[in-house]
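As the structure is a prediction and not an experimental result, all values here were calculated from the model. Starting from 1, each residue takes its place in the sequence as its number.
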Amino acid sequence: MSLYKEWTEDLENIKTQEDYTEFWKKYMVKETDIYKKILSENTPVISGSIKELSEKFGSTAKQFVGFLDGANTSFKEELKLEDATEETVINAEFDFEKLLWNMHEAKAEWLYGLKEWDNIIPEERRKEIRKDFNRSKQVINESKVGRNDPCPCGSGKKYKKCCGNK
């Protein structure tokens with residue numbers, strides 16, 4: 001069975017909220033350590049077998065596949081992890097700005113707030129990325145209903161005589 005399948009089965013087999021919390025608590029510690037090492041070394045390329053990389057980053061092979069799964073959208077080219085084994089060779093390059101964006105998307109404050117980012121992206125640029133991310137999540141409704149327009153509820157009445165009269 002592939003490591004990816006084992007990883008997803010582990011997730012599916014979590015039965016209680018307590019087990020769920022414990023699983024992610026342990027995983028997030030490993031994930032944070034991996035990112036700290038990658039960012040402090042300022043090496044965007046991860047290369048080697050999954051076994052070698054998991055040993056280098058101090059995780060199990062299965063945890064490292066979980067890390068790769070989470071980071072996959074931040075690589076310049078996504079990895080095919082479905083059939084990954086310990087012998088599978090990985091050669092992936094991070095797009096650090098995309099990684100930072102995705103960390104905001106995941107609300108992973110413990111990751112996008114790491115001091116190791118100082119060596120990778122200047123603080124001003126990180127603030128810009130944060131602002132751009134926040135702007136991308138704002139919803140702007142440009143279609144306002146006029147008083148004499150048909151009511152959007154579908155009643156057939158004018159807005160002012162229906163839902164606008166509240």
Side-chain angles (χ1 to χ4, degrees), residues 1-140:
M1 181 183 304
S2 79
L3 290 168
Y4 180 79
K5 288 177 185 160
E6 287 180 38
W7 169 256
T8 55
E9 279 185 11
D10 283 358
L11 292 172
E12 290 168 1
N13 290 330
I14 296 173
K15 301 292 182 217
T16 67
Q17 183 63 42
E18 185 178 285
D19 291 343
Y20 178 86
T21 303
E22 185 64 27
F23 177 90
W24 285 111
K25 185 176 170 184
K26 284 181 183 176
Y27 172 75
M28 288 176 187
V29 168
K30 290 291 182 194
E31 179 186 47
T32 302
D33 290 343
I34 293 170
Y35 277 120
K36 281 183 177 181
K37 188 165 187 156
I38 289 168
L39 296 173
S40 66
E41 293 176 356
N42 194 358
T43 52
V45 177
I46 296 176
S47 187
S49 73
I50 290 179
K51 182 177 182 174
E52 293 167 345
L53 291 169
S54 65
E55 289 170 1
K56 175 183 176 181
F57 291 106
S59 70
T60 66
K62 194 184 331 177
Q63 285 173 327
F64 196 75
V65 167
F67 166 78
L68 291 172
D69 184 36
N72 211 355
T73 57
S74 301
F75 294 127
K76 291 190 176 179
E77 289 184 35
E78 286 196 28
L79 301 171
K80 305 274 187 261
L81 296 172
E82 289 76 21
D83 299 319
T85 65
E86 287 188 350
E87 291 76 35
T88 301
V89 175
I90 300 298
N91 189 21
E93 184 177 359
F94 276 109
D95 177 336
F96 282 133
E97 288 196 4
K98 192 174 183 184
L99 174 62
L100 185 60
W101 178 281
N102 289 338
M103 286 176 174
H104 285 293
E105 182 79 41
K107 297 178 177 70
E109 185 179 336
W110 67 96
L111 295 176
Y112 67 74
L114 291 171
K115 66 178 177 50
E116 285 80 4
W117 278 108
D118 295 345
N119 300 327
I120 308 293
I121 301 173
E123 186 176 355
E124 284 303 311
R125 180 65 185 130
R126 291 195 315 261
K127 286 180 181 178
E128 279 179 40
I129 291 170
R130 175 66 182 203
K131 282 182 184 177
D132 291 345
F133 171 78
N134 288 339
R135 276 191 212 110
S136 76
K137 299 302 171 192
Q138 291 176 343
V139 177
I140 299 171

- Task: Keeping to residues at least two apart or across chains, list the ring pair (Phe, Tyr, Trp, His ring centres under 6.0 Å) pairs with something in residues 43-66.
- Result: Phe57-Phe64, Phe64-Phe67

- Message: Looking at Lys26, I want to see if its NZ is surrounded by more than 12 non-hydrogen atoms of other residues, nucleotides or ligands under 6.0 Å.
- Response: no

- Straight-line distance of Lys137 NZ to Glu105 CD, nearest 0.5 Å: 3.5 Å

- Out of curiosity, Asp19 CG to Gln17 CD, how far, rounded to the nearest 0.5 Å? 9.5 Å

- Message: With a 3.5 Å distance limit and no angle check, can you tell me whether Lys51 reaches the backbone of Ala61 through a side-chain donor-acceptor pair?
- Response: no

Would you tabulate the side-chain donor-acceptor contacts of residues 30-38 under 3.5 Å, counting partners in other chains and residues two or more places apart, or write 'none'?
from	atom 1	to	atom 2	distance (Å)
Lys30	NZ	Gly58	O	2.8
Thr32	OG1	Met28	O	2.7
Lys37	NZ	Lys56	O	3.3

- Item | Flag if over 12 foreign heavy atoms under 6.0 Å of CD, Glu123 | no

- Determine the minimum heavy-atom distance between Arg126 and Asp118, stating which atoms define it. NH2-OD1, 2.8 Å

- Item | Nearest atoms (heavy-atom pairs only) where Tyr112 meets Arg130 | OH-NH1, 3.0 Å

- For the residue pair Phe94 and Phe96, categorise the inter-ring angle as parallel (less than 30°), tilted (30 to 60°) or perpendicular (more than 60°). parallel

- Item | Heavy-atom neighbours of Glu109 CD exceed 12 at 6.0 Å | no

- Side-chain donor/acceptor of Ser40 to backbone N/O of Glu116, under 3.5 Å: no

- Task: Look up atom OG in Ser47 and atom CG in Leu53, then write down how far apart they are to the nearest 0.5 Å.
- Result: 7.0 Å

- Query: What pair of heavy atoms forms the shortest contact from Ile50 to Val65, and how long is it?
  - Reply: CD1-CG2, 3.7 Å

- Note on the structure: dist Asp132:CG -> Arg125:CZ (nearest 0.5 Å) comes out at 6.5 Å

- Query: Are Glu12 and Lys5 close enough, and set up right, to give a salt bridge (Lys or Arg N to Asp or Glu O under 4.0 Å), and what steps lead you there?
  - Reply: CA-CA 10 Å; Glu12 290 168 1; Lys5 288 177 185 160; over 6 Å; no

- Task: Provide the closest heavy-atom pair for Asn91 versus Leu79 in the form atom of the first, atom of the second, distance.
- Result: O-CD2, 4.4 Å

- Query: Looking only at heavy atoms, which two atoms of Asp10 and Ile14 are closest? And how far apart?
  - Reply: O-CG1, 3.4 Å

- Task: Evaluate the criterion side chain to side chain contact (heavy atoms under 4.5 Å, CB included) for residue pair Leu11 and Trp24; output intermediate values, then yes/no.
- Result: CA-CA 10 Å; Leu11 292 172; Trp24 285 111; 3.4 Å; yes

- Between atom OH of Tyr20 and atom NZ of Lys25, what is the distance when rounded to the nearest 0.5 Å? 15.0 Å

- Item | Crowding at CD, Glu9 (>12 non-hydrogen neighbours, <6.0 Å) | yes

- Task: Starting at CZ of Phe75, measure out to CD1 of Ile90 and round the result to the nearest 0.5 Å.
- Result: 8.0 Å

- Query: With no hydrogens and no angle check, is any side-chain donor or acceptor of Trp117 less than 3.5 Å from a backbone partner on Leu111?
  - Reply: yes

- Leu81 versus Leu68, closest heavy-atom pair with distance: CD1-C, 3.8 Å

- Task: Return yes if some donor-acceptor pair links the side-chain N/O of Asn72 with the main-chain N/O of Glu78 below 3.5 Å, else return no.
- Result: no

